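Below: the structure, in structure tokens.
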Amino acid sequence: MSYDFKIAAADTPTLYRDLASALEGLVSGEPDPVANMANAAALIWESLPDLNWAGFYRNVGGELVLGPFQGRPACIRIPFGQGVCGAAAATLEVQRIDDVHAFDGHIPCDAASNSELVVPIVRDGELLGVLDLDSPIAARFDAEDEAGCVALGAILARVL
Ligand code: SME
């Protein structure tokens, strides 16, 4: 079986609607969290322009540990409260950062990154992990990207 998603919508909300339905299709009926994170990272990487990293950190015993991703090798363990991902994990709030160099404690895994969007993935009040997107373009992520990625996170919360 081959998956060939050609997602190129005219506007951002439509792009994320298409992405969400493709993700639903990919994860439906599959209970393995690694498989689902791997396919989600690949789908996002293929579908969203101007990313240099897309993937997951998992909550492993109160520490973020690197999960499936696309992009350059990244730091493996991030304590809650450190960096952009750690801030999302500690607060359970989306972090949408226009300029990562101005973010106190930002962890520079790839020097190319200039902006970042991190969405906590929460089920029944428990943090499962975070979805992390990095871009070389400053202020790459707007409110529509945030809403779209929150919707993707909600789908993933059911299958991680
Ligand atoms: N920059 C992130 C670390 C993870 S990498 O971007 C993949 C942070 O500050 O949490």
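Remember, predicted model here, so these are calculated numbers, not experimental data. Indexing begins at 1, ligand by ligand and atom by atom, following the structure's order.
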| query | What are the two closest non-hydrogen atoms of Ala54 and Ala41, and how far apart are they? | reply | O-CB, 3.7 Å
| field | side-chain hydrogen bond (donor to acceptor under 3.5 Å, both in side chains) partners of Ser113, counting only residues at least two apart | value | Asn52, Asp134
| query | Does Cys85, backbone or side chain, put an N or O under 3.5 Å from an N or O of ligand 1? | reply | yes
| query | Less than 4.0 Å between a side-chain N and a carboxylate O, is that true for Arg96 and Asp145? | reply | no
| said: Between ligand 1 and Ile107, is the shortest N or O to N or O distance under 3.5 Å? | reply: yes
| query | Looking only at heavy atoms, is any part of Asp132 under 4.0 Å from ligand 1, and if so is it the side chain, the backbone, or both, or is it neither? | reply | side chain
| field | Proximal atoms of ligand 1 relative to Glu116 (non-hydrogen, under 4.0 Å) | value | 1 (N), 2 (C), 6 (O), 8 (C)
| query | Atoms of ligand 1 less than 4.0 Å from His106 heavy atoms? | reply | 1 (N), 9 (O)
| message | With a cutoff of 4.0 Å, is Tyr57 in contact with ligand 1, counting heavy atoms of the residue only? | response | yes
| Closest heavy-atom contact between Pro68 and Met37? | CG-CB, 3.6 Å
| task | Just jot down the side-chain hydrogen bond (donor to acceptor under 3.5 Å, both in side chains) partners of Tyr57, sequence neighbours excluded, or say none. | result | none
| remark: For atom 8 (C) of ligand 1, the closest protein heavy atom turns out to be Val84 N, 3.3 Å
| said: Check this for me - ligand 1, Cys109, N or O atoms closer than 3.5 angstrom, yes or no? | reply: no
| request: Report yes if Asp134 has an N/O atom closer than 3.5 Å to an N/O atom of ligand 1; otherwise report no. | output: yes
| Atom indices of ligand 1, in the order listed, that fall short of 4.0 Å to a heavy atom of Gly83 | 9 (O), 10 (O)
| field | Smallest separation among heavy atoms of Asn36 and Leu26, with atom names | value | OD1-O, 4.3 Å
| remark: Between Phe56 and Ala40, the two heavy atoms sitting closest are CZ-CB, 3.8 Å
